[in-house]
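Down below is the structure, laid out as C-alpha cells.
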Amino acid sequence: MPTKTGKDAGTRVVHRRYVPYSHAHYAGNLVDGAYSLALFGDVATEMCILTDGDEGLFASYSDVQFREPVRAGDVLEVVCDLVKVGTRSRVLELSVAVVARGNASVERPGAAEMLDPPIVATTATGTVVVPT
C-alpha cells in the first residue's frame, strides 16, 4: 500500500505475492530470475499510476542482483521506492524479499513458516519514463 501520493521522492509501493508451483523451472522448485523482474514491472507500473496518472514505461535496469533463490511456495514482498524525479524519468529502488517459505514434510505437506527476518532475494535500480 502506498505511503503517500505525489511525485515526491520517498513514495513507496508494496505488493505481496504467493509463488505458485507452476512457476518452478528448476530442481528444488527454483523460480527463474525473470520472475522477480516481472514483479518489478508490476510495482513500477503502480508507482507511475500513483505519481503520474500513467502506466509509464520501463527504460532500464541497473545493478540487478540475484542474492538468494526464490522458490515455488514462497510468499514475496516486492517494494518499490521512488528515489529521484526528473522531468519525465523516475528512478526506483526495487527489492524482492521472501517473507514466508514452504516447510513441507511427509507429515505436513502444506507446512509453511513466516521468516523473521525476511530473505532479500533480488534487488535492482530501475528507471521509468512517463509522458510530459
Side-chain angles (χ1 to χ4, degrees):
M1 182 174 277
T3 57
K4 63 182 178 174
T5 60
K7 295 181 185 178
D8 300 324
T11 301
R12 173 174 274 193
V13 170
V14 179
H15 290 188
R16 281 206 173 177
R17 176 88 45 96
Y18 174 78
V19 181
Y21 281 82
S22 61
H23 286 279
H25 288 280
Y26 304 105
N29 290 318
L30 290 176
V31 175
D32 62 14
Y35 191 84
S36 291
L37 297 181
L39 295 176
F40 289 161
D42 291 345
V43 292
T45 297
E46 183 179 343
M47 178 66 77
C48 290
I49 293 168
L50 176 67
T51 59
D52 293 279
D54 189 272
E55 292 181 351
L57 294 170
F58 236 112
S60 68
Y61 283 107
S62 62
D63 197 31
V64 177
Q65 299 283 320
F66 299 103
R67 299 171 180 270
E68 295 289 338
V70 172
R71 302 181 189 282
D74 286 350
V75 175
L76 305 178
E77 184 173 83
V78 187
V79 177
C80 174
D81 289 310
L82 178 60
V83 296
K84 185 177 177 187
V85 177
T87 304
R88 291 188 53 227
S89 65
R90 312 285 180 259
V91 178
L92 311 171
E93 291 294 329
L94 305 149
S95 67
V96 169
V98 180
V99 297
R101 178 159 275 171
N103 189 13
S105 65
V106 173
E107 298 83 28
R108 296 189 60 215
E113 63 184 338
M114 297 303 292
L115 301 180
D116 186 21
I119 299 168
V120 176
T122 312
T123 59
T125 301
T127 301
V128 294
V129 292
V130 296
T132 53

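What you are looking at is a predicted structure, and each value in this text was computed from that prediction instead of being measured.
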Thr125: side-chain contact (heavy atoms from CB on, under 4.5 Å) partners, not counting sequence neighbours: Ser62, Val91, Glu93

Side chains of Ser60 and Thr127 in contact at under 4.5 Å (non-hydrogen atoms): yes

Ring pair (Phe, Tyr, Trp, His ring centres under 6.0 Å) partners of His25, counting only residues at least two apart: none

Intermediate values then yes/no, side chain to side chain contact (heavy atoms under 4.5 Å, CB included), Leu92 and Asp81: CA-CA 5 Å; Leu92 311 171; Asp81 289 310; over 6 Å; no

Gap between atom CG of Leu50 and atom SG of Cys80 - 0.5 Å precision: 9.5 Å

Rounded distance (nearest 0.5 Å) linking atom CZ of Arg71 with atom OH of Tyr35: 15.0 Å

Worked check of side chain to side chain contact (heavy atoms under 4.5 Å, CB included) between Val19 and Val70: CA-CA 8 Å; Val19 181; Val70 172; 4.1 Å; yes

Glu55 CD to Ile49 CD1 distance, which is reported to the nearest 0.5 Å: 5.0 Å

Anything under 3.5 Å between a donor and an acceptor, one on a side chain of residues 102-119, the other on a protein residue two or more places apart or in another chain? List them.
{"from": "Ser105", "atom 1": "OG", "to": "Glu107", "atom 2": "OE1", "distance (Å)": "3.4"}
{"from": "Ser105", "atom 1": "OG", "to": "Arg108", "atom 2": "N", "distance (Å)": "3.1"}

Donor on one side chain, acceptor on other, Thr51 and Arg90, under 3.5 Å: no

Distance, nearest 0.5 Å, that separates CE of Met47 from CG of Leu94: 8.5 Å

Heavy-atom neighbours of Gln65 CD exceed 12 at 6.0 Å: yes

Over all atoms of both residues, closest heavy-atom pair of Pro20 and Ala72: O-CB, 3.8 Å

Inter-residue atom distance Thr122.OG1 - Phe40.CZ, 0.5 Å rounding: 5.5 Å

Common cluster, Tyr18/Val14, ILVMFWY with side-chain heavy-atom separation under 4.5 Å: no

Test log, rule side chain to side chain contact (heavy atoms under 4.5 Å, CB included), inputs Leu76 and Leu39: CA-CA 10 Å; Leu76 305 178; Leu39 295 176; 3.7 Å; yes

Shortest non-hydrogen contact from Phe58 toward Gly126: CE2-CA, 3.7 Å

Side chains of Thr123 and Arg67 in contact at under 4.5 Å (non-hydrogen atoms): yes

Qualifying salt bridge (Lys or Arg N to Asp or Glu O under 4.0 Å) pairs with a residue from residues 27-42, counting only residues at least two apart or across chains: Arg17-Asp42

Pairing residues for Val64 by the side-chain contact (heavy atoms from CB on, under 4.5 Å) criterion, not counting sequence neighbours: Leu37, Tyr61, Phe66, Ala124

With Arg16 via salt bridge (charged side-chain N to carboxylate O under 4.0 Å, His left out) - residues at least two apart: Glu77

Shortest non-hydrogen contact from Val130 toward Gly56: CG1-CA, 4.1 Å

Minimal non-hydrogen separation, Val98 against Ala121, with atom names: CG2-CB, 4.3 Å

